[in-house]
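Everything on this sheet refers to the single structure shown next.
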Amino acid sequence: MRLLVVVGEFREPTRGRSGPLAARLRLEGLPGHAAEADALAAVLHKDLALQRARTSPFTEALAAAGRRPGDYSTKLDFRLDPEARADESAKAILRDLLATIEANIEGAKTHLDPEFLHDLRVATRRTRSALGQIRGVFPPERVAHGKARFAWLQQATGEARDLDVYRLALGDYLAALPPALRPHLAPLEDHLIARHREAQRRLTEALESAEFHTLIDDWRAFLAAPATTHDAPVNAARPIKAEADASLWRLYRRVRDEGRAIGPDSPPADLHELRKSAKKLRYLMEFFRRLYPKDEIAPLIKLTKALLDNLGLFQDLAVQGRFLREAARRMAADGEADTDTLLAMGALIGSLLQRGQGAREAFGETFARFDTAGHRATFRRLFKPAG
């Protein structure tokens with residue numbers, strides 16, 4: 001038998017908490033010696049008054065940091081009063097999104113896990129979408145300023161996130177190549193690591209900058225301020241259900257019309273515009289899902305996600321192909337890639353383009369499933385304003 005003393009500590013980056021965890025004893029024995037392990041555990045329990053650990057070290061670390069499993073989620077689930085003022089309801093949504101951004105700042109700065117930056121960016125996109133699509137509830141100058149500042153944040157965090165995605169995709173890249181070509185992609189991994197290191201440095205500088213702190217402080221103060229009753233924007237006091245109906249109906253019709261206009265020869269830019277519109281529609285349905293019957297709104301959200309999956313795959317593969325072409329040129333110019341590596345990267349780009357073409361060819365069928373008579377009737381019944 002082997003008796004290990006395990007000493008650990010926790011660190012919770014968001015709140016700055018850290019400290020030691022209780023030491024643990026771990027028994028390890030050869031296979032087939034479970035009886036001896038149980039006997040030794042009984043001795044430790046009886047003679048040293050030690051108790052078996054009932055939780056994992058991870059759960060213990062969460063508790064020490066004042067956290068619990070499941071206390072953080074990016075799922076949107078707002079309990080809105082249909083008759084509440086639209087500006088107050090919009091602020092409640094935006095406060096939740098701000099909390100998500102703030103919860104992920106430290107993890108994104110230190111790159112503890114790529115999901116920190118991913119969640120920060122999703123909350124930023126949702127914030128921009130809410131500002132742009134819940135219209136007439138805030139002063140125009142406030143909306144314009146907020147959209148511009150969060151667009152800056154989106155841009156400042158984009159390169160590091162893109163490189164996270166490419167590094168995470170390396171396994172898929174290797175699997176797409178014949179075995180003989182796979183070893184020649186090693187210089188690409190080195191190239192991605194070096195570029196990511198620089199992008200992460202710039203990301204950290206942006207998140208530690210006065211510009212970012214001013215953005216967060218000003219935005220928090222605006223969201224905490226009481227609603228304006230004097231000279232309020234036209235839709236500020238409108239019931240949020242009425243505002244949601246109008247916004248969702250407008251966005252649905254835009255998605256419907258843009259999708260119907262796309263044919264086999266439409267340029268990629270048209271599909272990109274449709275993707276942006278569909279993403280706004282999805283976000284708003286998720287913001288306002290509690291205002292509608294669950295058994296009707298949930299299938300529409302799922303339907304829109306399926307359309308977005310197709311559009312996203314097509315665009316993402318095209319973006320990855322362009323990035324790899326640019327990377328190949330840069331690596332060749334800097335002497336980082338020999339002929340075999342460039343050939344392997346060319347084969348990979350060809351594989352990505354082929355998959356992208358498959359996604360493009362599947363668009364017509366995917367959109368047809370979105371644009372059925374039954375789905376059109378549900379969108380109309382749920383969202384079309386009376387009159």
Side-chain angles (χ1 to χ4, degrees), residues 73-77 100 114-115 117-126 128-130 133 154 158 161-162 164-173 175-176 248 251-264 266-289 292 294-324 348-349 351-372 374-376 378-379 382-383:
S73 174
T74 59
K75 183 178 180 180
L76 303 177
D77 189 20
T100 298
E115 289 302 304
L117 180 56
H118 173 258
D119 287 358
L120 186 152
R121 283 176 54 79
V122 170
T124 301
R125 282 200 304 270
R126 287 170 169 170
R128 294 176 62 197
S129 184
Q133 304 308 316
Q154 197 78 13
R161 175 56 188 169
D162 288 345
D164 274 339
V165 171
Y166 301 143
R167 292 180 64 187
L168 291 170
L170 274 171
D172 293 335
Y173 291 166
L248 286 165
L251 275 173
Y252 161 67
R253 287 187 300 163
R254 181 192 301 176
V255 171
R256 179 197 64 193
D257 294 345
E258 289 179 354
R260 288 177 178 177
I262 292 176
S266 297
D270 290 354
L271 282 87
H272 180 56
E273 289 301 314
L274 173 60
R275 185 190 184 196
K276 291 195 296 185
S277 298
K279 191 172 289 187
K280 293 171 184 176
L281 174 62
R282 172 192 166 183
Y283 285 163
L284 254 65
M285 286 194 291
E286 290 174 336
F287 292 158
F288 299 132
R289 69 166 75 219
Y292 302 95
K294 181 179 179 180
D295 60 344
E296 293 188 279
I297 189 71
L300 295 186
I301 294 174
K302 183 177 181 180
L303 182 71
T304 307
K305 285 181 179 179
L307 177 60
L308 282 167
D309 286 344
N310 171 262
L311 294 167
L313 180 61
F314 172 69
Q315 182 178 354
D316 291 347
L317 291 171
V319 170
Q320 289 181 42
R322 289 195 297 270
F323 171 82
L324 288 171
L348 175 58
I349 293 169
S351 173
L352 293 175
L353 293 177
Q354 186 176 19
R355 290 177 57 201
Q357 183 60 32
R360 177 65 178 87
E361 293 171 355
F363 168 76
E365 182 179 346
T366 302
F367 184 76
R369 289 195 295 270
F370 176 89
D371 195 30
T372 65
H375 293 145
R376 291 196 298 271
T378 304
F379 275 110
L382 288 186
F383 305 139

Indicate every side-chain donor-acceptor pair of residues 301-314 with a distance under 3.5 Å to a residue at least two apart or in another chain.
residue: Thr304; atom: OG1; partner: Leu300; partner atom: O; Å: 2.9
residue: Asn310; atom: ND2; partner: Ala359; partner atom: O; Å: 3.0

Do Phe363 and Ile262 have side chains that approach each other closer than 4.5 Å (heavy atoms only, starting at C-beta)?
yes

Identify the two heavy atoms, one from Leu251 and one from Ser277, that lie closest to each other, and give their separation to 0.1 Å.
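Minimum heavy-atom separation between Leu251 and Ser277: CD2-O, 4.4 Å.
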
Less than 4.0 Å between a side-chain N and a carboxylate O, is that true for Asp316 and Arg275?
yes

Within residues 352-366 or reaching into it, pairs that qualify as side chain to side chain donor-acceptor pair (under 3.5 Å) - sequence neighbours excluded:
Gln357-Glu361, Glu365-Arg369

Stepwise, does the side chain to side chain contact (heavy atoms under 4.5 Å, CB included) test hold for Glu258 with Asp270?
CA-CA 8 Å; Glu258 289 179 354; Asp270 290 354; over 6 Å; no

With sequence neighbours left out, what residues match [X] under side-chain hydrogen bond (donor to acceptor under 3.5 Å, both in side chains)?
| X | value |
| --- | --- |
| Arg254 | none |
| Tyr173 | Gln320 |
| Asp77 | Arg290 |

Has Thr124 got a side-chain atom pairing as donor or acceptor with Leu120's backbone, closer than 3.5 angstrom?
yes

Within the distance-only criterion (no hydrogens, no angle test), does the side chain of Arg289 pair as donor or acceptor with the backbone N or O of Lys294 below 3.5 angstrom?
no

Sequence-distant partners of Ala318, side chain to side chain contact (heavy atoms under 4.5 Å, CB included), two or more places apart:
Arg322

Begin with the C-alpha distance, continue with both residues' side-chain angles, and end with the deciding distance and a verdict on side chain to side chain contact (heavy atoms under 4.5 Å, CB included) for Val122 and Arg126.
CA-CA 6 Å; Val122 170; Arg126 287 170 169 170; 3.7 Å; yes

Can you check side chain to side chain contact (heavy atoms under 4.5 Å, CB included) on Met285 and Tyr292, steps first, answer last?
CA-CA 9 Å; Met285 286 194 291; Tyr292 302 95; over 6 Å; no

Go through Tyr252 and Phe383 one step at a time and tell me if the ring pair (Phe, Tyr, Trp, His ring centres under 6.0 Å) criterion holds.
CA-CA 9 Å; Tyr252 161 67; Phe383 305 139; 7.8 Å; no

Show the numbers, then the answer: is there a side chain to side chain contact (heavy atoms under 4.5 Å, CB included) between Leu274 and Val255?
CA-CA 6 Å; Leu274 173 60; Val255 171; 3.9 Å; yes

